[in-house]
Amino acid sequence: MQKNIPRVCLTLTSPTLSENVSLVKKYSAYIDLVELRVDYLNESEQNFVRRFPAMIPFPCILTIRRKNDGGNFYGNEMSRTILFSRALAFANQDRKKNFAYVDFEEEYQVPSLQEAALSFGTKIIRSVHDMKNPIKNLQARFSDMHAKPNEILKIACMPHTLSDITEMFAEAKTLHGFDYILCAMGNLGIPSRILAQKTNSFLTYTSPKETEENLSSVRHLDPETLETVFHFKSLNDETKIFAVTGFPLTKTSNPFLHNELYKRHKKNAIMIPLASTSIEESLAFANELGISGMAITVPYKEKVLPYVQNASDEVKKIEATNTIVKTDAGFFAYNTDAFGFEKALLEFLQTNNLRKTRIAIIGAGGAAKAVAFVIKKLHGNACIFNRTLSKAQELAKKYRFYFAELSPVSLETLQKFSNVIIQTTNVGMNANTESNEETDPIYFYNFRGTEKIFDLIYTPKKTALMKKAENAGCKISNGFTMLRYQAEKQAELFQGIKNE
Ligand code: NAP
């Protein structure tokens with residue numbers, strides 16, 4: 001049986017009612033209802049809460065969350081009850097002008113308020129929160145709540161590991177016959193918000209970008225991203241789910257690139273970010289959700305290899321994978337970083353091989369492994385520079401390249417291998433400043449203007465190293481084209497999408 005599409009709820013935490021109204025207007029194309037968090041309103045505004053439902057064209061949840069439950073209300077229970085009664089009083093004949101829902105915590109049992117809510121057509125959401133721990137045995141926990149008929153039950157909790165989320169999805173399959181809301185908080189909980197359709201949650205909460213800091217530990221997505229990047233309203237039982245997994249995975253561009261491709265090619269498919277503290281847990285989640293392909297990122301590109309049944313020749317040689325695809329025999333590993341890098345580099349250099357080219361590879365981490373493989377394949381002559389010399393040595397040995405320490409003592413060697421400089425360390429990531437020891441791994445090098453610089457970093461668009469090189473007249477490229485090409489290849493492996 002096809003499930004309902006969960007509603008998208010915009011949680012409002014601005015200090016004034018009018019600011020909240022503006023945010024509702026801004027996100028109106030993406031939402032079905034709103035939650036007014038009275039606990040975030042200025043005290044003077046709290047007196048006018050009763051007017052709010054009539055100020056917006058959406059059903060509204062009334063919530064006054066206490067500090068202990070993750071909210072911002074510091075008053076006592078008496079003053080909270082007074083606020084609730086003011087907000088629910090003077091019912092309007094036109095139900096749209098009353099609160100459509102009110103959120104009462106499990107133990108908040110005030111019969112007069114409950115009766116008032118029900119007689120005015122306001123539905124009760126009966127909620128349980130654990131801001132520190134996961135909540136297990138959902139079925140038993142829900143029945144312990146002794147809810148009245150027609151109450152919507154809500155569980156919100158903080159997972160410790162991805163296994164807690166996997167359990168949540170598994171247990172949700174056993175819940176039937178009543179309306180409930182399930183949400184897991186924090187970065188680990190993001191799949192529970194995007195895939196609310198899979199848990200059959202009554203709604204999924206979102207926050208405006210403008211106020212996301214207010215609920216930063218909760219980690220709401222904004223409703224525009226939920227719809228335009230994750231196609232929330234189009235997800236159904238047939239949607240193929242893919243994931244990018246890593247840790248901490250606070251930022252990843254892969255879902256943006258993949259989901260845009262799936263949309264453009266009319267595929268009922270979605271890629272979600274899957275933060276996980278172990279690759280074993282990522283694989284268990286994939287198994288529970290029927291995920292047939294994953295992009296693998298730091299720190300699992302090598303750690304996943306014992307769990308794959310077969311691998312491409314590139315993966316065998318590079319000894320790292322960034323893509324696994326489920327087959328009848330188990331997972332097959334590919335390395336589309338190598339593919340993406342080769343295509344982007346050749347385009348940048350406008351050539352098809354690197355014969356007679358002297359190349360500096362800066363770094364000897366995971367990305368450098370794919371880079372070195374490609375440089376060898378294209379017949380380049382390289383020297384690998386790394387902070388940890390042993391790692392440079394190990395990688396260089398594999399391809400019969402030179403190696404050197406990444407420091408001013410290697411300046412002369414760097415000058416010799418400077419036709420093309422490929423930057424693969426994470427130094428310079430997210431740093432939008434000038435070249436110095438902290439922001440540029442080769443800060444000690446002065447460009448002649450003839451070098452070609454390919455930096456694998458794509459945020460910022462121009463690293464300190466790239467800026468310095470460009471100022472000296474060098475041709476430069478960041479890592480975005482590589483990222484795009486590796487994602488396109490993954491989409492081909494996952495969904496057969498051929499890119500021209
Ligand atoms: P990794 O395996 O953790 O390797 C990190 C590398 O950076 C190592 O060589 C490390 O040297 C070096 N490093 C780190 N901090 C340093 C410092 N303060 N000074 C000098 N060297 C330092 O990471 P990775 O997977 O290779 O990723 C590296 C970068 O490539 C990231 O910025 C990532 O976003 C980018 N990347 C881009 C793409 C793309 O498609 N454009 C694909 C993959 C990766 P030690 O060995 O001494 O620790």
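Heavy-atom basis, side chains included; hydrogens, waters and symmetry copies ignored. Just so you know, ligand 1 is whichever comes first in the structure, and atom 1 is the first atom listed for that ligand.
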Visitor: Please list, chain by chain and in numerical order, all residues satisfying salt bridge (Lys or Arg N to Asp or Glu O under 4.0 Å) with Asp130, sequence neighbours excluded.
Guide: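 In terms of salt bridge (Lys or Arg N to Asp or Glu O under 4.0 Å), with neighbours along the sequence ignored, Asp130 is linked to no residue.
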Visitor: Can Glu347 and Lys343 be counted as an ion pair, charged N to O under 4.0 angstrom?
Guide: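 No salt bridge links Glu347 with Lys343.
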Visitor: Check this for me: Glu438, atom CD, are more than 12 non-hydrogen atoms of other residues, nucleotides or ligands nearer than 6.0 Å?
Guide: no
Visitor: Are any protein N/O atoms closer than 3.5 Å to the N/O atoms of ligand 1? If there are, list each pair with names and the distance to one decimal place.
Guide:
residue, atom, partner, partner atom, Å
ligand 1, 2 (O), Gly366, N, 2.8
ligand 1, 9 (O), Ala364, N, 3.0
ligand 1, 9 (O), Gly365, N, 3.3
ligand 1, 9 (O), Asn386, OD1, 2.8
ligand 1, 11 (O), Asn386, OD1, 3.3
ligand 1, 18 (N), Arg387, NH1, 3.4
ligand 1, 26 (O), Gly366, N, 3.2
ligand 1, 26 (O), Ala367, N, 2.7
ligand 1, 40 (O), Leu483, N, 3.4
ligand 1, 41 (N), Leu456, O, 3.0
ligand 1, 41 (N), Gly479, O, 2.9
ligand 1, 46 (O), Asn386, ND2, 2.9
ligand 1, 46 (O), Lys391, NZ, 2.7
ligand 1, 47 (O), Arg387, NE, 3.0
ligand 1, 47 (O), Thr388, N, 3.0
ligand 1, 47 (O), Thr388, OG1, 2.6
ligand 1, 48 (O), Arg387, NH2, 2.8

Visitor: On the six-membered ring of Phe339, is Lys489 placed so that its NZ or CZ lies under 6.0 angstrom from the centre and within 45° of the ring axis?
Guide: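 Satisfied, under 6.0 Å and within 45°.
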Visitor: Under a 4.0 Å threshold between the charged nitrogen and the carboxylate oxygen, would Lys198 count as salt-bridged to Glu288?
Guide: no
Visitor: Got a salt bridge between Glu394 and Lys398, using NZ or NE/NH1/NH2 to carboxylate O under 4.0 Å?
Guide: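 Salt bridge: no.
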